[in-house]
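As the structure lists them, so they are numbered: ligands from 1, and atoms in each ligand from 1.
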Amino acid sequence: MDTIFSNTKDAFSIKTDFELLRAHFLFKIIQNKFLVKIGALIINIALKFHLPIIPIVKLTVFDHFCGGVSEKDCNSIIKKMYNKNVCSVLDFSTEGFKNEIEFDKCLNKKLSIIDFIKDRKDIPFAVFKPTCLGREVLFKKISSNQKLELKEVEEWKRIKNRFNDVCSKAFQNNVKILIDAEEVSVQKAIDDLALKMMIRFNKKKAIVYNTIQMYRWDRIDYINNILSKNSDIILGFKLVRGAYMEKEREISNTLKIKSPICNDKASTDLNFNLAIDLVFKNLDRISFVCGSHNEFSILKILNMMSEKNIKKNDDKIWFGQLYGMSDNISFNLGIKGYNIFKILPYGPVRNLIPYLIRRAEENTSVRGQTGRELQLILDERKRRRLEKN
Ligand SMILES: Cc1cc2nc3c(=O)[nH]c(=O)nc-3n(C[C@H](O)[C@H](O)[C@H](O)COP(=O)(O)OP(=O)(O)OC[C@H]3O[C@@H](n4cnc5c(N)ncnc54)[C@H](O)[C@@H]3O)c2cc1C
């Protein structure tokens with residue numbers, strides 16, 4: 001299919017020949033499920049035995065999928081992308097935070113990022129993963145209506161306060177903030193907190209955005225339910241398909257319960273499209289981010305925007321992709337003037353390894369997407385060779 005996303009010259013305009021060659025090599029490996037499994041295993045063993053794997057990871061997958069080790073490190077990429085009208089969303093790695101001291105540390109980091117990005121047009125959103133602010137088990141208990149022990153009641157209060165602190169700081173600094181969605185077992189607690197934050201801070205415009213995973217068959221009802229009740233606020237939604245499908249299926253198989261995930265990809269796609277229709281019907285009450293690498297979904301939104309005469313840079317509609325993936329979408333949207341950002345993960349290399357392994361596994365499980373990615377890289381390398389000759 002030839003679309004605006006097939007233009008590889010603009011898509012890879014900030015990538016050097018070396019970076020393109022590295023991307024080619026990486027996606028070739030990622031395409032192979034067996035190599036991804038072996039690679040992940042080798043990295044985990046090397047880490048366990050303190051073998052010097054970090055520099056190799058840094059030069060290869062890390063530099064392709066991450067912005068750097070610190071905010072300062074990310075600045076040159078942020079600048080290069082913004083020159084092409086592609087914004088960044090800084091996502092500090094918070095995997096594996098486990099105790100109250102670390103949750104507070106994480107909170108402070110998120111607050112300091114809001115300070116770092118306020119008034120910056122090149123970084124339009126802050127983002128956080130809810131379970132980096134408190135123990136996952138508490139989110140699970142609240143989500144499944146289990147009674148908390150006395151000291152857990154206090155702990156949950158602290159989690160709620162951390163949520164409020166991040167969202168309130170975002171509100172005070174007029175920074176939009178995305179709340180990531182996680183596994184179904186913790187999501188009800190996240191949804192309820194996110195809605196509370198929206199009711200508190202989204203009176204005039206969307207500051208707080210909750211993420212809705214459309215691979216869940218119950219989410220259209222969920223959106224309708226929220227819409228039926230909250231007519232006095234602007235809802236902020238980040239629509240995604242969902243990242244934990246395999247894990248969710250495993251859990252429901254083990255527990256012998258109905259899976260919360262749509263039966264097949266076509267049903268997820270249909271659900272995603274229905275959500276887009278629903279959002280567009282209610283654009284006076286919703287601002288949204290489409291977090292997707294799916295060209296059809298994005299084309300659908302572009303068509304709807306044009307049909308409804310919505311300005312390309314209307315702040316109500318943003319597109320987002322992950323850094324290191326689908327540059328053909330991000331940069332071609334940027335050049336045409338749409339609101340677009342890349343999620344730019346950053347932090348110590350070691351902390352980002354689980355994220356990197358997830359990216360590789362996810363790309364392996366979506367073979368069509370990796371094939372498309374690889375083909376575009378090949379096309380661009382060929383185009384550059386021809387241009388040089
Ligand atoms: C900016 C951004 C933010 C994100 N934030 C989050 C987040 O907060 N939480 C989160 O969970 N994910 C998040 N994701 C990941 C997202 O949910 C998807 O996993 C990823 O983007 C792939 O989906 P797609 O729409 O890009 O592409 P596609 O290739 O069209 O779709 C792949 C997705 O379809 C679904 N799918 C695939 N096969 C099947 C099947 N057999 N049955 C049912 N469904 C199937 C899965 O969700 C799979 O990830 C984010 C992605 C982006 C780009």
For ligand 1 and Q321, I'd like to know whether there is a polar contact (N/O to N/O, distance under 3.5 Å). no

At under 4.0 Å between heavy atoms, what of R249 touches ligand 1? The answer is side chain

Decide whether an N or O pair under 3.5 Å exists between V240 and ligand 1. no

For S292, the atoms of ligand 1 under 4.0 Å from one of its heavy atoms are 24 (P), 25 (O), 26 (O), 53 (C)

For Y244, the ligand 1 atoms with a heavy-atom partner under 4.0 Å come out as 11 (O)

Logged contact type for F272 with ligand 1, heavy-atom cut-off 4.0 Å, is neither

Could you tell me whether K109 atom NZ has more than 12 heavy atoms of other residues or ligands within 6.0 Å of it? yes

A student checking ligand 1 against C262 at a 4.0 Å heavy-atom cut-off should list atoms 42 (N), 43 (C)

Query raised in the report: If we ignore angles and hydrogens, is there a donor and acceptor under 3.5 Å between the side chains of N210 and D191?
Result: yes

Around atom NZ of K300, are there more than 12 heavy atoms of other residues, nucleotides or ligands at under 6.0 Å?
-> yes

task = Say whether A243, considering both its backbone and side-chain N or O atoms, lies within less than 3.5 Å of an N or O atom on ligand 1.
result = yes

So for K238 against ligand 1, with non-hydrogen atoms under 4.0 Å, the contacting part is side chain

For G320 and ligand 1, does the shortest N/O to N/O distance drop below 3.5 Å? no

Report yes or no: is the cationic atom of R219 (NZ for Lys, CZ for Arg) under 6.0 Å from the centre of the six-membered ring of Y222, at an angle within 45° of the ring normal? yes

Judged by heavy atoms only, the candidate from G242, S267, A181, S326 nearest atom 18 (C) of ligand 1 is G242

So for D180 against ligand 1, with non-hydrogen atoms under 4.0 Å, the contacting part is both

Quick note on ligand 1: atoms under 4.0 Å from a heavy atom of Q213 include exactly 10 (C), 11 (O)

To atom 34 (O) of ligand 1, the nearest of R216, E183, K265 on a heavy-atom basis is K265

Residues M214 and C262: closest non-hydrogen pair is O-SG, 4.1 Å

Per-atom filter on ligand 1: closer than 4.0 angstrom to a heavy atom of I343 are 1 (C)

Exactly one candidate in E19, E373, E380, R381 meets side chain to side chain donor-acceptor pair (under 3.5 Å) with H24; the answer is R381

Exercise for the section: May I ask you to check whether over 12 heavy atoms, not counting those of L255, lie within 6.0 Å of atom CG? Expected result: yes

### Task
State whether W217 and K258 meet the cation-pi test: NZ (Lys) or CZ (Arg) under 6.0 Å from the six-membered ring centroid, and within 45° of the perpendicular axis.
yes

Worksheet item: Do other residues, nucleotides or ligands put more than 12 heavy atoms under 6.0 Å from K205 NZ?
Response: yes

Is E182 in polar range of ligand 1, meaning some N or O pair under 3.5 Å apart?
no

Worksheet entry | Flag for Y244-E182: side-chain donor and acceptor within less than 3.5 Å | no

